[in-house]
Amino acid sequence: MTDQTPALRLEGIVKTFPGVRALDGVSLTVMPGEVHALMGENGAGKSTLMKVLGGILAPNEGQIFIEEQPTVMSSPMNAKAKGVVFIHQELSLADELTVAENIFLGELPKKSFGRVDWQRLYDETDAILKTLNVGFAARTRVGDLSIANQQMVEIARALTVEPRAVIFDEPTASLTDAEKVVLFEVIADLQSRGVGVIYISHRMEEIFKITDRISVLRDGQYRGTLNTAETNEEEVTQLMIGRTLDLSRNESTHELGEVALEVRGLSCGGLFEDVSFSVRRGEVVGFYGLVGAGRTEIAETLFGLREPSAGTIHLAGEEVSIHSPADAIKRGISLVPEDRKGQGLILGMNCRDNMTLPQVSDLTAGPFVSDGAEVAIFDQYRDKLDIRTPGWRQLVGNLSGGNQQKIVIGKWLSMRPEVLIVDEPTRGIDVGSKSEIHNLIRELAAQGYAVIVISSEMPEVLHVSDRIVAMFSGRVMREFTAEEVTEDSLIQAISGLTGKTA
Amino acid sequence: MAELTRKGLQGFLARQGILVAFAVFMIAFAVANPRFIDIDNVFGVIRSSAILGVMALGVTFVVIGGNLDLSVGSMMSFSTIVVLDLHDKIGPTLAIPSMFAMTLALGAFIGILVGYLKLNSLIVTLGMLSAIHGLTLTYSGGKNMDIADKSGTWFSVFGQGSVAGLPMPILIFAGLAIVLSIILSRTPFGRKVYAVGGNGVAATFSGIPRARVVFMTYLMSSFCVATAGLIQASRSLGSQNTVGQGMELEVLAAVILGGASLLGGSGTIFKTVIGVLILGFIQNGLLLLGLAFYAQYIVTWIIIILAVWLDIAAKRGGLWSRIA
Ligand SMILES: Nc1ncnc2c1ncn2[C@@H]1O[C@H](COP(=O)(O)OP(=O)(O)OP(=O)(O)O)[C@@H](O)[C@H]1O
Ligand SMILES: [Mg+2]
């Protein structure tokens with residue numbers, strides 16, 4: 001591999017934002033036909049480096065080489081024309097357009113007089129979608145797709161040209177296991193065609209499964225490159241965060257208290273049916289299932305965002321009806337939603353104001369919002385969750401993806417709820433903070449909170465839960481205790497293979 | 001390197017462009033006609049901007065909340081006509097609160113349509129612009145409204161009075177600006193307005209009653225309109241049915257000029273006040289240069305386009321951009 005010309009080389013890249021030196025002289029070499037992992041903590045500068053490479057940001061210093069030719073990437077289109085395709089961490093699709101239009105945006109196939117060749121557009125798109133093995137067609141409106149499927153559309157964009165290098169920035173954050181398999185096939189195919197692939201992810205098991213080399217960034221600086229075959233998780237973690245992690249399951253021995261939340265026969269027209277479960281104080285109940293199993297919809301119903309069509313909800317033994325998030329919050333329910341950009345954050349608002357938003361009416365001194373109380377809350381959770389930001393005045397939209405997620409978590413933890421529901425809490429969060437969030441969840445339970453964790457990551461569910469509810473297509477298939485659960489039985493339950501035993 | 005400096009300059013222009021343009025305008029006008037910076041003229045401009053300014057304060061809330069209000073012009077005509085009519089019928093002490101109640105009712109109606117029924121604010125307020133005009137004409141029977149005894153009423157104090165040498169309209173404008181600025185920047189309600197305009201879905205997920213917040217912004221807007229109508233009526237003590245016609249666009253121009261984004265979620269009262277003053281001085285300057293009064297309409301339009309362009313340019317980080 002060493003005597004080949006690199007597909008791509010970055011040298012001494014520096015990028016600063018007001019108050020932040022996001023990249024501090026980073027160099028990186030990607031060979032053709034290799035899958036090169038880029039790792040680092042939240043805010044380390046991975047996405048920024050890729051935005052420089054993809055022509056979205058202009059570097060302050062440094063040089064990009066494509067096949068050893070110095071190049072300037074003046075725009076994303078320009079980068080794509082030069083063979084560099086960038087699949088974003090944050091979805092950047094036009095909701096109102098069809099899948100086909102999104103995939104070929106800016107380069108729609110044309111007939112004479114500049115008319116769009118729709119037939120060719122749809123045919124080519126359907127061909128690409130077929131290789132991706134997805135369940136939607138070229139004419140589907142993107143806004144009607146789930147987040148996971150939107151992610152697949154984003155990936156399909158890379159397949160419209162003959163690329164030299166493809167960048168995947170956390171592509172699996174919202175994919176199911178089945179979709180991941182397809183993605184990895186796509187990557188293997190790119191690899192065999194001699195394309196250089198840059199792969200960003202916080203998930204170690206993926207990194208070790210599909211990559212050849214791993215480069216690590218820390219605080220905007222290049223920390224080194226390892227050959228995947230010759231290293232292990234510990235060494236990478238050490239390089240990333242400067243220490244190793246204790247990943248053993250948190251066996252807490254605290255007593256469980258009263259039943260805090262009980263749900264009986266809850267249904268919501270077509271989304272889920274006849275769902276019953278209970279959560280006791282001090283208990284973490286994990287909800288595991290495929291995307292579309294109805295878990296998020298249950299959470300939204302408990303949080304007053306949907307009206308149930310049948311069934312009852314009981315809090316601390318008392319039947320309640322919850323008609324709005326305000327109701328839910330008043331009764332001590334918090335929901336960390338799954339879509340941080342759409343549902344969790346106001347990107348144009350600063351970090352502190354985002355975090356204190358649900359309780360702003362209570363943080364008052366006289367008729368006014370009390371600055372001091374707000375800053376105190378922000379500081380507390382910034383430290384607790386290790387949020388990297390130059391200060392509370394920074395707009396949330398300028399934070400790295402993982403740090404945005406931490407703001408959402410801090411926002412709901414600071415409400416000190418009775419029942420805390422977290423939907424995909426560690427999506428896009430680095431290994432260090434992930435284990436911190438897991439510990440925090442256990443710690444909250446130990447303090448007597450009732451916690452529901454919805455997650456599509458099996459290790460996560462296994463790691464934090466006292467009990468696991470397995471769901472398939474809107475129904476509870478089975479409940480497991482932490483002692484009896486195995487990976488196999490869980491997989492079986494969520495694929496609908498077992499009979500209904502709940 | 002040259003590339004970077006050009007980008008830097010563009011970025012600066014995109015962010016501060018309106019102040020730069022304003023400074024250039026002021027200097028050019030002052031050179032062309034020294035009377036422009038005469039203290040009397042400056043005061044005159046501020047005073048004549050006060051009515052527009054008061055309305056812009058309310059619309060700032062609506063725009064930050066993510067909506068538009070194009071009904072303020074005809075609503076102001078309504079308030080003016082109503083208070084003048086009632087003045088002679090039930091006396092000023094009762095006429096003023098009655099007029100406020102009626103104007104607030106209109107604001108509440110719009111608030112219900114846009115907030116609770118979630119109808120598009122552009123359509124609703126554009127419709128109200130003409131509906132309220134019809135209402136005013138029906139009320140007045142199409143005639144001008146005049147107070148019978150113009151010299152014998154204390155009602156003129158709001159438009160013509162002054163305290164310590166400062167004209168009353170300016171005092172009302174300044175006082176209201178301070179109060180509303182505090183409400184917007186320091187109270188939970190103000191924070192919720194920003195949240196609802198910034199990302200309505202996330203605001204809902206945070207337990208903020210979006211519909212009620214939007215409703216409240218329209219109520220505040222109509223309160224400001226009523227105040228503006230009061231000043232207008234008191235200043236002239238007589239009025240046509242069309243006194244506020246066209247002001248909705250000027251108000252919107254001032255708000256955007258100040259830097260509130262049409263997409264919602266950003267802007268401040270202070271910036272709106274700056275926007276109002278810029279607009280006032282530019283129009284005054286053009287008059288002093290000898291342009292006809294009606295040239296203002298064209299100028300207002302140009303300013304709106306310029307302000308919207310700069311708003312978008314600031315988001316893109318440059319005046320021209322290939323990235324949408
Ligand atoms: N537009 C911006 N304005 C100001 N600061 C920014 C901007 N974009 C990124 N940053 C800062 O640059 C740093 C690097 O961010 P980046 O998004 O590259 O991190 P990352 O490594 O991709 O993290 P994650 O794993 O959380 O996605 C962060 O501190 C972030 O706050
Ligand atoms: Mg990132």
Side-chain angles (χ1 to χ4, degrees), chain A residues 55-61 72 74-78 94 105-106 300 303-305 324-330 333-337 339-350 353-354 356-371 374 395-397 408 411-412 415, chain B residues 1-8 10-12 15 64-66 116 179 181-213 259-267 311 314-318 320-324:
Chain A
I56 297 166
L57 293 173
N60 302 65
E61 284 170 41
V72 175
S74 56
S75 73
M77 278 302 161
N78 181 264
L105 203 63
E300 287 175 353
F303 198 61
L305 289 157
S324 69
D327 272 357
I329 291 169
K330 227 183 303 159
I333 300 177
S334 277
L335 170 67
V336 175
D339 174 7
R340 64 166 166 264
K341 249 172 110 182
Q343 304 166 333
L345 294 170
I346 290 146
L347 294 178
M349 200 180 241
N350 68 44
D353 293 1
N354 262 288
T356 56
L357 194 57
Q359 52 182 325
V360 66
S361 298
D362 301 324
L363 295 176
T364 46
F368 302 126
V369 180
S370 155
D371 257 7
E374 283 195 290
L395 298 185
V396 158
V408 186
K411 163 171 158 181
W412 290 108
M415 294 298 290
Chain B
M1 225 43 231
E3 167 87 355
L4 282 180
T5 7
R6 212 186 69 221
K7 271 224 169 108
Q10 272 200 20
F12 175 77
R15 267 174 283 121
I64 293 175
Y116 291 95
V179 172
S181 176
I182 291 174
I183 290 180
L184 188 58
S185 64
R186 304 275 322 273
T187 66
F189 170 70
R191 185 73 57 79
K192 290 174 187 176
V193 174
Y194 282 104
V196 164
N199 181 349
V201 176
T204 305
F205 270 76
S206 301
I208 292 172
R210 187 175 169 182
R212 193 160 75 212
V213 171
S261 166
L262 272 185
L263 303 173
S266 73
D311 174 35
K315 294 225 163 52
R316 299 191 290 221
W320 320 102
S321 175
R322 277 161 302 215
I323 311 169

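In what follows, chains are A, B, ... by sequence order, proteins preceding strands, each numbered from 1.
- Proximity to chain B involves both the backbone and the side chain of A:Ile346, based on heavy atoms less than 4.5 angstrom apart.
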Original post:
Given the rule in the side chain to side chain contact (heavy atoms under 4.5 Å, CB included) test, do B:Ile182 and A:Phe368 qualify, once you have shown the distances and angles that lead to the verdict?
Top reply: CA-CA 9 Å; B:Ile182 291 174; A:Phe368 302 126; 3.2 Å; yes
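- Only the side chain of A:Lys411 comes within less than 4.5 Å of a heavy atom in chain B; its backbone stays farther off.
- For the set B:Gly190, B:Gly198, B:Pro188, B:Gly207, the entry with the most heavy-atom pairs within less than 4.5 Å of chain A is B:Pro188.
- There is no contact between A:Ser324 and chain B, counting heavy-atom distances below 4.5 Å.
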**OP:** Decide side chain to side chain contact (heavy atoms under 4.5 Å, CB included) for B:Asn199 and A:Leu345; before the verdict, give the C-alpha distance in whole Å, the side-chain angles of both, and the deciding distance to 0.1 Å.
**Re:** CA-CA 8 Å; B:Asn199 181 349; A:Leu345 294 170; 5.9 Å; no
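- Residues B:Val201 and A:Asp339 fail the side-chain proximity criterion, which asks for heavy atoms closer than 4.5 Å.
- When all heavy atoms of A:Trp412 and B:Phe205 are compared, the closest pair comes out as CZ2-O, 3.2 Å.
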**OP:** Could you go through the side chain to side chain contact (heavy atoms under 4.5 Å, CB included) check for B:Arg191 and A:Val360 one step at a time?
**Re:** CA-CA 8 Å; B:Arg191 185 73 57 79; A:Val360 66; 3.9 Å; yes
**OP:** With side chain to side chain contact (heavy atoms under 4.5 Å, CB included) as the test, would you mind laying out the steps for B:Thr187 and A:Thr364 before giving the verdict?
**Re:** CA-CA 8 Å; B:Thr187 66; A:Thr364 46; over 6 Å; no
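- At a threshold of 4.5 Å between non-hydrogen side-chain atoms, the residues B:Tyr194 and A:Asp353 do not count as touching.
- Looking at A:Glu300, only its side chain comes within 4.5 Å of chain B, counting heavy atoms on both sides.
- For A:Ser370, no part sits under 4.5 Å from any heavy atom of chain B, backbone or side chain.
- With a 4.5 angstrom heavy-atom cutoff, A:Glu61 does not touch chain B via any of its atoms.
- Contact count versus chain B (heavy atoms, under 4.5 Å) is highest, among A:Gly342, A:Pro367, A:Pro337, for A:Gly342.
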